[in-house]
Amino acid sequence: MTITSPHLGSSKAWTDAQLLYALEEVVEKELNRHLKVAKDWMPHEYVPFSDGRNFPGIFEDGEAWQADQSKVTDIGKIALVVNLLTEDNLPSYHHEIASLFGRDGAWGTWVHRWTAEEGRHGIVMRDYLLTSRAVDPDKLEQFRMAHMAEGFESDNRHSMLHSVAYVAFQELATRVSHRNTGHQSGDPVCDRMLARIATDENLHMVFYRNLLGAAFELAPDLTMQAVRDVVVNFRMPGHGMPGFERAAAQMAIGEIYNLRIHHDDVIQPVLRYLKVLNIDGLGPDGLKAQEELGLFMGGLDSEAVKFDEKLAARKTRMAARANA
């Protein structure tokens, strides 16, 4: 990097504007890498349109939706709706990151490219759900309207650095949720579609993870505090959608996304890759944040163990009832 660190031993001197400027070269490098490895794909190629038929409305031959018209499992349907409604808030997400990162230079190019790629996810998922009749189309639209009408405000909108830290974990969380939903869907077509989406999400995670690593080199104390804050207070972006708590509980039991998955497959991989808990040379604030992060991760693992035990006991009870 060509810019000299302005903090002179104290990362408190960094402002968002300085960090945006200092990280511009890294953004350009990561953007170029992303464009080389990302593959364009067509949403319509993943949707079984020949399985579709008209719904009631302007079509005289419209067939009303019924719950038994799709091969998708019950947990698959729940997770697909949550994942799609999350993707539906893309306009709000774009507004958030465009306001934080800007619309010019490498930052702006990334913001628009990311938005365009994410747009495919909502397109293909909605087309699949309607074509396969996996969910009630009326309720799906009602949920979309209610969710988007509420708007979206990120918990980390106050800080560019917090936002970078958040999306490094959130993109991986989304990848894991999509991938596990595909595995549990009961439909190979759905599984292939969500695997394609998950590939995009993984590339987005790599972009932000590498950017977070560069931020650690520039402002280690501030970055450590941002990571601690994000991990401790992490929420998925769809938390405000109708019925999210109940759906999240069902997805946890269905092993699509739960505490164990969150700890093992989302938080730990990023922390491990960046060696966050082993970074040295931190100041007092950075050391405090690092220690608090380590303690939190220990507590999160303990909570995951308790969840694992409850889930195992539940499976045992269900197996006993099935064999009775």
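Note that CG of L80 is 6.0 Å distant from OG1 of T181, once rounded to the nearest 0.5 Å. Note that the CZ atom of R53 and the CZ atom of R133 stand 4.5 Å from one another [nearest 0.5 Å]. Rounded to the nearest 0.5 Å, atoms CZ (F49) and CG (D51) are 11.0 Å apart. Distance CZ/R175 to CD/E171: 12.0 Å, rounded to 0.5 Å. Note: D16 CG to L100 CG = 7.0 Å, rounded to the nearest 0.5 Å. Remark: T115 OG1 to I97 CD1 distance equals 5.0 Å, nearest 0.5 Å.
Residue-environment remark: CD (E60) stays at or below the threshold of 12 foreign heavy atoms within 6.0 Å. For CE of M42, the number of neighbouring non-hydrogen atoms (other residues, nucleotides, ligands) closer than 6.0 Å is greater than 12. Atom CD of E28 sits in a sparse spot, with 12 or fewer heavy atoms from other residues, nucleotides or ligands closer than 6.0 Å. No more than 12 heavy-atom neighbours from other residues, nucleotides or ligands sit within 6.0 angstrom of NE2 on H95.
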Determine, stepwise, if the pair E117 / H112 fulfils side-chain hydrogen bond (donor to acceptor under 3.5 Å, both in side chains).
CA-CA 9 Å; E117 291 184 3; H112 297 311; over 6 Å; no
Applying salt bridge (Lys or Arg N to Asp or Glu O under 4.0 Å), run through D265 and R260 and close with a yes or a no.
CA-CA 8 Å; D265 300 337; R260 174 52 62 200; over 6 Å; no
Checking side-chain contact (heavy atoms from CB on, under 4.5 Å) for the pair D127/H44: CA distance, chi angles, key distance, verdict?
CA-CA 8 Å; D127 285 349; H44 56 268; 5.9 Å; no
Take V189 and V47 through the test side-chain contact (heavy atoms from CB on, under 4.5 Å) and record every step on the way to the result.
CA-CA 8 Å; V189 174; V47 180; over 6 Å; no
Could you go step by step and tell me if D155 and N233 meet the side-chain contact (heavy atoms from CB on, under 4.5 Å) rule?
CA-CA 9 Å; D155 295 333; N233 299 298; over 6 Å; no
Could you walk me through whether R33 and E30 pass the salt bridge (Lys or Arg N to Asp or Glu O under 4.0 Å) check?
CA-CA 5 Å; R33 179 198 55 75; E30 290 301 317; 2.8 Å; yes
Step by step, would you call D40 with R113 a salt bridge (Lys or Arg N to Asp or Glu O under 4.0 Å)?
CA-CA 12 Å; D40 278 340; R113 173 73 188 198; 3.7 Å; yes
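Judged purely by atom type and a 3.5 angstrom limit, N202 has no side-chain atom pairing as donor or acceptor with the backbone of A198. Side-chain N or O atoms of E118 include none that pairs as donor or acceptor with a backbone N or O of E87 at under 3.5 Å. Of the possible donor and acceptor atoms, none in the side chain of D285 sits under 3.5 Å from a partner among the backbone N and O of D221. Judged by distance alone, the side chain of N89 and the main-chain N or O of S92 form no donor-acceptor pair under 3.5 Å. The closest donor-acceptor contact from the side chain of S177 to the backbone of A173 lies at 3.5 Å or more, if one exists at all. In this structure a side-chain-to-backbone donor-acceptor pair under 3.5 Å is missing from Q69 to S132. W65 places a side-chain N or O within donor-acceptor distance of the main-chain N or O of V135, the cut-off being under 3.5 Å. Remark: the backbone N or O of A319 is paired with a side-chain donor or acceptor of N323 at under 3.5 angstrom.
Ring centroid separation for the pair W110 and F101 does not come in under the 6.0 Å cut-off. Residues Y166 and F234 bring their aromatic ring centres within 6.0 Å. Aromatic rings from H262 and Y257 are positioned such that their centres are separated by under 6.0 Å. In this structure, W114 has its ring center at least 6.0 angstrom away from the ring center of F207.
Judged by distance alone, the side chains of Q170 and T174 do bring a donor and an acceptor atom under 3.5 Å apart. A donor-acceptor pair shorter than 3.5 Å cannot be found between the side chains of D88 and H147.
A salt bridge links K315 with E255: the distance from a Lys NZ or Arg NE/NH1/NH2 to an Asp or Glu carboxylate oxygen falls below 4.0 Å. At a threshold of 4.0 Å, the pair E291-K288 does not count as salt-bridged, since none of the basic side-chain nitrogens sits closer than that to a carboxylate oxygen.
Side-chain contact between R144 and R126: present, with at least one pair of heavy atoms (C-beta onward) separated by less than 4.5 Å. Side-chain contact between D104 and T109 is absent, with no heavy-atom pair separated by less than 4.5 Å. By the 4.5 Å heavy-atom criterion applied to side chains, P48 and Y128 are counted as neighbours. Contact of the L222 side chain with the Q225 side chain is registered, since non-hydrogen atoms from C-beta on lie closer than 4.5 Å. Between H183 and D191 the shortest side-chain heavy-atom distance falls below 4.5 Å. Annotation: side chain of R196 is in contact with side chain of D200 (closest heavy-atom distance under 4.5 Å). Considering only heavy atoms from C-beta on, L172 comes within 4.5 Å of P269 through its side chain. Residues E63 and N54 form no side-chain contact, since every pair of their non-hydrogen atoms from C-beta on lies 4.5 Å or further apart.
Annotation for W14 and A219: closest pair CD1-CB, 3.4 Å, computed over non-hydrogen atoms. The two residues P242 and A146 come nearest to each other via the heavy atoms CG-CB, 3.9 Å. The nearest pair of heavy atoms linking F55 to P137 is CE2-CG, 3.6 Å. Summarising the geometry of G76 relative to V72, their closest heavy-atom pair is C-CG1, 3.8 Å, with the distance given to 0.1 Å. Of all heavy-atom pairs spanning E24 and A106, the tightest one is OE2-N, 2.7 Å. Here the closest non-hydrogen pair linking Q184 and G254 is NE2-O, 3.2 Å.
Residues L203 and W107 fall into different hydrophobic clusters, defined by Ile, Leu, Val, Met, Phe, Trp and Tyr side chains chained together at heavy-atom separations under 4.5 Å. In the hydrophobic clustering of ILVMFWY residues, with side-chain heavy atoms under 4.5 Å counting as a link, F169 and L295 come out apart. Connection of I267 to V305 is not established within any shared hydrophobic cluster, with ILVMFWY side chains joined at heavy-atom distances below 4.5 Å, either directly or through further cluster members. Residues M125 and I123 fall into different hydrophobic clusters, defined by Ile, Leu, Val, Met, Phe, Trp and Tyr side chains chained together at heavy-atom separations under 4.5 Å. Cluster annotation: F296 and L277 are assigned to the same hydrophobic cluster (Ile/Leu/Val/Met/Phe/Trp/Tyr, side-chain heavy-atom contacts under 4.5 Å, transitive).
Of the options M241, H178, H121, M236, a side-chain contact (heavy atoms from CB on, under 4.5 Å) to T86 is made by M241 and by none of the others. Each of L211, N156, T223 was evaluated against V164; a single residue qualifies, L211, per the side-chain contact (heavy atoms from CB on, under 4.5 Å) test.
In this structure, H34 and H204 have tilted ring planes: the angle between them lies in the 30° to 60° band.
A cation-pi arrangement is not found for R192 relative to Y46, the charged atom failing to lie both closer than 6.0 Å to the ring centre and inside a 45° cone about the ring normal.
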